[in-house]
Amino acid sequence: MPYTFNTPEDQREMLSAIGVDSIERLFDGVPSEMRLGRPLDLPPAMGELELTDHLSRLAARNSPAGEKVCFLGGGSYDHFVPAAVDHLAGRAEFYTSYTPYQPEVSQGNLQAMFEYQTLITQLTGMDVSNASLYDGGSAVVEAALMAISATGRHGKIVVLGSVHPEYRDILDTYLLPLGVEVVTIDAPQGAADVADVAKAIDDRTACVIVQQPNFFGAYEAVDEIGRAAHGAGALFVVSVDPISLGLLKRPGEYGADIVVAEGQSLGTPMLYGGPYLGIMACRDTFVRRMPGRIAGETVDRQGRRCWVLTLQTREQHIRREKATSNICTNQGLFALRAAIYLSLMGPHGLREVAELCLRKTHYAAERLAAVDGLSLAFDRPTFKEFVVRCEGGNVEAMLAAATDDGFHAGVPLGRWYPQLEDCFLVAVTEKRTRDDIDRLAACLKSQTRTLATAHA
Amino acid sequence: MPYTFNTPEDQREMLSAIGVDSIERLFDGVPSEMRLGRPLDLPPAMGELELTDHLSRLAARNSPAGEKVCFLGGGSYDHFVPAAVDHLAGRAEFYTSYTPYQPEVSQGNLQAMFEYQTLITQLTGMDVSNASLYDGGSAVVEAALMAISATGRHGKIVVLGSVHPEYRDILDTYLLPLGVEVVTIDAPQGAADVADVAKAIDDRTACVIVQQPNFFGAYEAVDEIGRAAHGAGALFVVSVDPISLGLLKRPGEYGADIVVAEGQSLGTPMLYGGPYLGIMACRDTFVRRMPGRIAGETVDRQGRRCWVLTLQTREQHIRREKATSNICTNQGLFALRAAIYLSLMGPHGLREVAELCLRKTHYAAERLAAVDGLSLAFDRPTFKEFVVRCEGGNVEAMLAAATDDGFHAGVPLGRWYPQLEDCFLVAVTEKRTRDDIDRLAACLKSQTRTLATAHA
Amino acid sequence: MRNEQAAQLIFELSKPGRRGAHLPANDVSERSLAELLPGEHAADAPPPLPELAEPDVVRHFTNLSTKNMSVDTHFYPLGSCTMKYNAKRNERIAALPGLANLHPYQHEDTLQGLLQLLWELQGMLCEISGLDAVSLQPAAGAHGELTALMVAAAYFRDRAESTGEPKRTKVLTPDSSHGTNPASAAVAGFEAVTVRSTPQGFVDLDDLRAKLDRQTAVFMITNPNTLGLFDRQVREIADLVHEQGGLLYLDGANMNAILGIARPGDFGADMMHFNPHKTFSGPHGGGGPGAGPIAVRAALEPYLPSPVVEKDGDRYRLAFNRPKSIGRVRSFFGNTGVLVRAYCYLRTHGPDGLRRVSENAVLNANYLLAKVKDRLSVPHGDRCMHEFVASAAKVKAQRGVSAMDIAKRLLDFGFHAPTVYFPLVVKEAMMIEPTETESKETLDAFAEALLWILDEPAETLHAAPHSTPISRPDEVRAARSAVVKWSAAV
Amino acid sequence: MRNEQAAQLIFELSKPGRRGAHLPANDVSERSLAELLPGEHAADAPPPLPELAEPDVVRHFTNLSTKNMSVDTHFYPLGSCTMKYNAKRNERIAALPGLANLHPYQHEDTLQGLLQLLWELQGMLCEISGLDAVSLQPAAGAHGELTALMVAAAYFRDRAESTGEPKRTKVLTPDSSHGTNPASAAVAGFEAVTVRSTPQGFVDLDDLRAKLDRQTAVFMITNPNTLGLFDRQVREIADLVHEQGGLLYLDGANMNAILGIARPGDFGADMMHFNPHKTFSGPHGGGGPGAGPIAVRAALEPYLPSPVVEKDGDRYRLAFNRPKSIGRVRSFFGNTGVLVRAYCYLRTHGPDGLRRVSENAVLNANYLLAKVKDRLSVPHGDRCMHEFVASAAKVKAQRGVSAMDIAKRLLDFGFHAPTVYFPLVVKEAMMIEPTETESKETLDAFAEALLWILDEPAETLHAAPHSTPISRPDEVRAARSAVVKWSAAV
Ligand SMILES: Cc1ncc(COP(=O)(O)O)c(C=O)c1O
Ligand SMILES: Cc1ncc(COP(=O)(O)O)c(C=O)c1O
């Protein structure tokens, strides 16, 4: 039922003020031949009780993390979200306001944006951050577009095969129709070979895109790759896992020109993939090329410090057909969540989260590798994910069986990497306990046995 | 871990400002022989993640309504709570403030109290309401105490046996030690006989306490009982189900002097019994005898309308040893919830809730009465509850089996009414669907069969 | 930026025909209401509640909320109320369906997780109090006082049956005690007798001795007391009370000062209540809910209200069959929701954390005391426990500036006022309790504001507050006219 | 009453050693980090984030929030943004663990409830649009535009393969269009060509004819357009575009005017996006999230991004194997959380309710228009759809009072300002969209304030706002100095 106010009496009064005799007449501007002459064919209205009931039933037919122990990763993670994040981001004044077009009544949002931007620069070691993009994937393509326009090189970009395969799909979708070549450097051993990367970079190359840690959880030789990119005048774009920066070198320290990230890990639930948070930070040089909004500091007429949307001449509503980005509504609420999350965590909290992920991931890798029939696909240290090979086994069947046993055990890799058809990706966050991991190992052990027997 | 701020450096600075050299010294006032010379023997501290995990596990070992279909009543009901109630009552400014001692910075709470008071008078038809008491049960005893002091009759009160048995327990607990006789009028047919009530009232009687609808869901002859009470100079105290007032006559219309109620139905989840809301309203005459806080209207120095705590000379902090009530912290948050709930419902919404309860209750009574081996204990119309007799059956066993089948099917009555040992109380709110009821009937049917077979 | 239109009374926002809720269609038989509902009980019309659409209700209450100060927005040093931070985690946890949607009469088998929690909470409160048994039933601190006095009465009645000793009719409370203490005594049917304090703020032992006798059931002490002082005589007091066969009750409102440091049971108390909404960070909700669990010595355990939670092997159960129990003081189990948060608080802090809570609460109070004491007299010494009581009596005498004026002016600086004019034993009292969840920066800012205010012209203070949604209301008019509900203008 | 101390920057509130979070102890092996983490990748120190305790963070952000206007607190007639009420029920539902804690790669078998919801949503959007197929993937309206243009490009590429027609390089947009339209065209690799509007605010058909050719891929129309007018020529426009083999795109930002009344597919559009955060009441979150589902004709369906949700008997599944698909435009499924709320909105309203939404949105806009039009010129007529654009040009000329001045002054009266200076085709534009979730009383109060303001002295307006947390900021300085992050003072 609509939440409208107009009672029949109101309607009468309003119509008479307008000077028409029915609501129908207000639609005179819509020619009758264009009208839908029937009610929409949609299910009937529901009150709140029914709606809640209906959706609860639908929800009950899903198995969320928590109901199953979640070891899924690949860009979306079951990290812990402190209750204060939900509470504060749920404040109506944040939640039901919009883009701060009127800074005098939007200082809450603007200051939060400014704080978010600062936090992201602290986290990444970069000079500047925007106020958000859609998600980690579209942030990668925005970075590529930025690099193309900054370098004036419209010919090609180089991307490592160990970058999230969906992010690479997005690059293809956006760039191929524009005639930009997207050169992918395979990472058959779980990380790219620096020599392969260096070879692919030439003076047509706008940028080199690396993910650190990469899609398999492993580390790329970012120093050398960055040097190779810069040597050829290309920009060095790095996609990071923000949680990893509790422990890993910050991209600003190894020469990244543009840093992008999926910010979901910073205080947002998994939400079946979105809404999430596209993070983008860059060197000062590129600030006026950055897509999306930016809050800047200034003073009001009394000289009081305050914040406004700034550098707007970059934006689509100003540049129109000359724009290099079209983003308008972005992910303000999730930038806010990330700001709250990082404020709560602080340097030490974030480091502890990262350390727990690292330790548990190593423990899990050992435990799973010890299961007969399973092995680690790559002999490399990883951060919070690793790839398991299921010898001769049917990955789909094994994972389905694990689901029945109460585990979202891993992401099968065959759909993106045919050569890894017998592999799956396991992610371990700070929420997983030793017991969770031991039980997963036991479950997979019994699965490999059953499957082995079935095959025998 | 404590959420304290003082870093070691802060502590040093603060201690030096105080002029002592250790925190220990600040406790010099506590003689060492009174000190606990060891750490408390309590489980170790937990961070938020662990705590959440621990409590989630405890919660998972309970079966809430929703997981089981809830037909339990007896003073606490599975009514629908609109999401807006949680959202608004959760506003930090309501949630983390306290009693409005400083009206200039508490107008939010004070106005909400004033609105609540008004809503309660509208709901009950009484002249005035206080701002809350602990719960429906203690409200009954506060009404009795009020009646005793108002009438100056310290001898006895009369209470119907169909008043919630726990409320009657509370009356005993408070009044018997004071030497007040608590005369209970049985209601063997599901409601009291007016003649029995009238007979019990005399000029020592401070009040007659009736519940409408009563504990069995049935109606008492409130008009006659009220007249009988007044005839003997006793006050007429009525405990109501606020939801029922969407359909039933308001106690103000049939002569109640004091109305009390359990306000949980008005927007508060069941919470295993509390915190709830004690509602109390009365005739103007008694306003200065009412326990608890009251917000009153006034103006500020600029003549602007505003609200303050008023009539405080009634209160314990003023009257001290002359007080007739000791209530201090009360249930402000739940009065707020009730105010929001009633504002959302309005007259028509509340009527619809009441009507759905009534209709579904009648339907359920019919369906259950049609099950072999079950019958209705009383031949009376009821509002949202009714009593089922389980012929020759073991009520506890049947209800336990129903629990296994997914139903909180009813409240066994034997613990309070030995003569109803083979009976249980079933409540049906607007949340129950026809399907829920049909499935309950089917479940009980199969139970009575099994039990019959077992007995055979 | 406040929206005054939305902040009108909901009754003024009402318009016939608006709806904030739509209920499901009736899915059972369509019999006429007259068939289902006896005519003599049926109302002619639904109650005359206001009619609003949901967005109206939301905007109204959202705007109303912004007219409050609160812990989440402001420093709130309201003495005796322990306005500490309420962790959001506890709210999320308490809202879990497995804790929130439990019916009080569902079968114990379907409540094992909750009963375990409550059982463990009983044990933790025993350990913290140094006492032997706990009832979680009382709904607030005052209710706990009353319950404990009823327990005491039952205990004495029972004892009198065997010993034949005369009825104990009196409860003694210090003049510095909270108003609920004598009030609880009165409601429980005792004569409440006031015991004087010494000029130093402690129980006057001579006066106590004079009033203490074999008719005395209970002496109620608050320790640390409402002046924020630990009364070292408490053991001696306990001995005196016990000598007369009486019981010592401890008002536990000030437990925030001594968690893990001293236990009431160890310093002589026989009974006490906790205020979990204070000490254990239950949100205050604009005036409740609270809870008032009481702890008692073993000898009093049989008299506690029923039910209590017991453990039976692996199973937790509610014990009802307790023949000496006073019965019930409220319906159902108690303010479970508040107890769940208390449990969360205790598990969050652990033994070491609880001690640090008290250490820092006391540190913060002493620091603030040290910062203001040269300008604002603190009659009871320059050391305190978790709170202290300053007096504006001198300022009042010199410049006509009262505690109320100072309190009101503090609001302009973005601070909630301290408790004023309590305890009654201090003139122009300002009772300041910072709690441990405030930072040194906040304390510094508060002290600075307070000292600044003391230098402001008296007129500025008389006219304060200046920047709040309203200025000082006319309380006399409110009490005289007693307009306690809205009425449609005629 | 705002607490300015707590509202300092979090960096200024930081103090070394404070903690807002405590993680569990490591429960696996205690090997040295050096063993687990290659030295060349390890940071020397954690990132230099601020250090705060949880109560500090809570007080900070709570106070910050009170510096915003929002739909829940204020009337927010921001044209083109459809700032309607966001029902709280949808928030509670979307937070259900069974909807919120789903991983994008969990197995379809564990997602049947959600996939059903998404499949039904696809169908409902088809029905509302009058089109044949839907992609839920785009993350916002602008993203939907871009995606649709990529779909169009793929469609034309594909067709060119068989027909050999030359490449279509142009996308036409009216000068009144939202900036995202030409920007999307540019990002998709098209040349964006602007088509003039007539003085009446409609597409200038002559200009359109002149610019439309066989190189034109798409004409992007907003209808009702940004002036709040329904362009009756839309069928004719569609025909013209189709004659040239082009496609007509509908910017669906203004769907709130025509739900259940007219369908884009029926009046000639081939593709469109929805803004569920506008039309279907997704909360705007201070600048997102949104979603931008697109609907297209059957011929375009093969090119939609993958995956889409399909139904297979009783089972719902994600279809990835769609060889002609343009691929992905974002990671994972899309902004599912926003889509869940859109589904809730549609199920809440039903066919009749949706129509009533548009009826009342249009009624409210026309009522407001009628109330102000005699004083504030509304250049495009005295009837509108869900919004209208007033012009302060005359006031500006006469008294030097700009749309900006009026907008700022409205803030003082507790109203958010309309959208100003858009669309570009109206001088001193004030674009006012009340939405249907506002009451007549609110509209009356707003109109009254607006008219009052027009009579105020110009200086009052130039200096406005007067009562907001800050006065007008120096935007030039912001852009020039470009201080876009906090740095420690040196
Ligand atoms: C010292 C003291 N005792 C008792 C109480 C009463 O506690 P409650 O308000 O929880 O009933 C209070 C509360 O204000 C108090 O400060
Ligand atoms: C007319 C119009 N088109 C397109 C858009 C872009 O939509 P979004 O902000 O969701 O990307 C907007 C939003 O402001 C709009 O008003």
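By convention in this document, chain letters (A, B, ...) are assigned in the order of the sequence lines, proteins followed by strands, and residues within each chain are numbered from 1. All values below come from the heavy atoms of this structure, side chains included, with hydrogens, waters and symmetry mates left out.
If you measure heavy-atom distances from B:L248 to chain C, the contacts under 4.5 Å come from both the backbone and the side chain. Heavy-atom distances place both the backbone and the side chain of B:Y3 under 4.5 Å from chain C. Within the 4.5 angstrom heavy-atom criterion, no atom of B:P82 approaches chain C. In this structure, chain C has a heavy atom under 4.5 Å from the side chain of B:R304, while its backbone stays farther away. Interface residue B:V308: only side-chain heavy atoms are found under 4.5 Å from chain C. With a 4.5 angstrom heavy-atom cutoff, B:Y363 touches chain C only via side-chain atoms. The parts of B:R35 that come within reach of chain C are both its backbone and its side chain, each placing non-hydrogen atoms under 4.5 angstrom from that chain. For B:R57, no part lies under 4.5 angstrom from a heavy atom of chain C.
Ring geometry for B:Y98 versus C:H284: interplanar angle over 60°, hence perpendicular rather than tilted (30 to 60°). Ring-plane geometry between B:Y134 and C:H143 is classed as tilted, the angle between the planes lying from 30 to 60 degrees on a 0 to 90 degree scale.
Closest heavy-atom contact between B:L51 and C:R89: CD2-CD, 3.9 Å.
C:Q106 places a side-chain N or O within 3.5 Å of a backbone atom of B:S63 that can act as its donor or acceptor partner. Within the 3.5 Å criterion, the main-chain N or O of C:N68 finds no donor-acceptor partner in the side chain of B:S97. Put simply, the side chain of C:H103 never gets that close to the backbone of B:M270: no donor and acceptor are under 3.5 Å apart.
C:S331 and B:E166 form no side-chain donor-acceptor contact under 3.5 Å, judged by distance and modelled atom types alone.
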- Task: Mind running side chain to side chain donor-acceptor pair (under 3.5 Å) on B:Q11 and C:N360 for me, showing each step along the way?
- Result: CA-CA 9 Å; B:Q11 294 195 344; C:N360 284 288; 3.1 Å; yes
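For the pair B:D135 and C:R330, the salt-bridge criterion is met [side-chain N within less than 4.0 Å of a carboxylate O]. Contact check on C:D27 versus B:K360 returns a salt bridge, with a Lys/Arg side-chain nitrogen under 4.0 Å from an Asp/Glu carboxylate oxygen.
Aromatic ring centroids of B:H87 and C:F61 lie 6.0 Å or more apart.
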